[in-house]
Amino acid sequence: MSCWLIAFSDIPNVFAGPMDSSHFTFSPLITPIIRYMSNSTIELRTDDNVVRFAFNNVSGNKCEPPTRKEKKWKRAKLSRKDKVNELRFYRLKAKKKMNSPNPEVRIRYKLEKAKRKEEWLIEKLRKYDVPKSPGEPYDPEILTEEEQHYLKRTGEKRKNFVLVGRRGVFGGVVLNIHLHWKKHETVKVICKPCNKLGQVHEYAEELARLSKGIVIDVKPNHTIVLYRGKNYVRPEVMSPIDTLSKDKALEKYRYEQSLEHTSEFIEKLEKELEEYQKYVDRYKKKKDEETEKKSEVV
């Protein structure tokens, strides 16, 4: 077997082959291919006195057979009608499960749907987790009992306050605290929807960390008294970087509420499923006992 590689720039109209001084010409099927393959070569093979041509790219001096590339199958784009039909199919399937005569099928379908929603909400809430930036080191001032008592009384009497609503602690709350500290030593922070146990104390710690103030008192009516400190210097950026904006804080609150309701709904469905399974087991036991009694009588 012999093999030759010829560049297209060196190919004349008639190609003289090396076999027994016989001449070979390109067929009319090959010439249009050659015309559009400028960076390729012709490979001439002679096996058992049979001439074969092959077209491939130049890859050094080696004579390598052309390799086929594997086709990557892509999913064809569905038309609008196909998409509508697909959605209709899934809706009918869900409707069939919801209207099933078997209560276990209905409960399991609701449970799967609720768990999928719970996973989706957890993924959404991860976007709103702001990493805590390492703040500047500062020494919290040590206050005497008399000073604490005086600041507590003055803080209760004064009418200036900052409201922490459903959004929780965000940049705007810290900014308002610094604006109150411009004229007053203390400020009251009123937390309205503090329904969870220990939520007021969490807010107090968070506000002390972000504003670098001192928590004087946490009252049972969900109010926090914050003191600015003796050596207070108002920062240039009053709303910290590692806090959410007003809109994002509201979005986070809505997702948290939805997650809380879905988790409660999942617990309720799991209890219903357990009760139904217990009921089925009891019914089977009664049926078995009745069949045994009938067999003994017979």
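Only heavy atoms go into these numbers, but all of them, side chains included; no hydrogens, no water, no symmetry mates.
Side-chain contact between D242 and R209 is present, with heavy atoms from C-beta onward closer than 4.5 Å. Side-chain contact check for E270 versus I107: every heavy-atom pair is 4.5 Å or farther apart. Side-chain contact check for Y227 versus T154: every heavy-atom pair is 4.5 Å or farther apart.
The distance from the CG atom of L273 to the NZ atom of K271 is 13.5 Å, given to the nearest 0.5 Å. Y283 OH to K286 NZ: the interatomic distance, rounded to the nearest 0.5 Å, is 10.0 Å. Distance CD1/I122 to CD/E118: 4.5 Å, rounded to 0.5 Å. In this structure, CD1 in I216 is found 11.5 Å from CD in E156, a value given to the nearest 0.5 Å. In this structure, CD1 in I177 is found 12.0 Å from OG in S239, a value given to the nearest 0.5 Å. Atom NZ of K110 sits about 8.5 Å away from atom NZ of K268, to the nearest 0.5 Å.
Although no hydrogens or angles enter the test, the distance criterion places no donor-acceptor pair under 3.5 Å between the side chain of R234 and the main chain of K182. A donor-acceptor pair is defined here as one N or O able to donate and one able to accept, closer than 3.5 Å; such a pair exists between the side chain of R106 and the backbone of S100. Between the D217 side chain and the L151 main chain, no donor and acceptor come within less than 3.5 Å of each other. In this structure, K188 contributes its side chain and R158 its backbone to a donor-acceptor pair below 3.5 Å.
Checking E275 against Y279 by side-chain atom types alone, no donor-acceptor pair falls below 3.5 Å. Between the side chains of S245 and D247, no donor-acceptor pair of N or O atoms lies under 3.5 Å.
Between T243 and V130, the shortest heavy-atom contact is N-CG1, 4.3 Å. Between K117 and T262, the shortest heavy-atom distance links the atoms CD-CG2, 3.6 Å. Considering every non-hydrogen atom in both C191 and I224, the closest pair reads SG-CD1, 3.9 Å. When all heavy atoms of V215 and V218 are compared, the closest pair comes out as CG1-CG2, 3.9 Å.
F170 and V189 end up in the same hydrophobic cluster when Ile, Leu, Val, Met, Phe, Trp and Tyr side chains are linked at under 4.5 Å. Using a 4.5 Å cut-off between side-chain heavy atoms of Ile, Leu, Val, Met, Phe, Trp and Tyr, with links allowed through other members, L207 and L244 fall into different hydrophobic clusters.
Of the options E185, H178, K212, a side chain to side chain donor-acceptor pair (under 3.5 Å) to Y232 is made by H178 and by none of the others. The residue from K252, E256, E251 that alone fulfils the side chain to side chain donor-acceptor pair (under 3.5 Å) condition with Y128 is E251.
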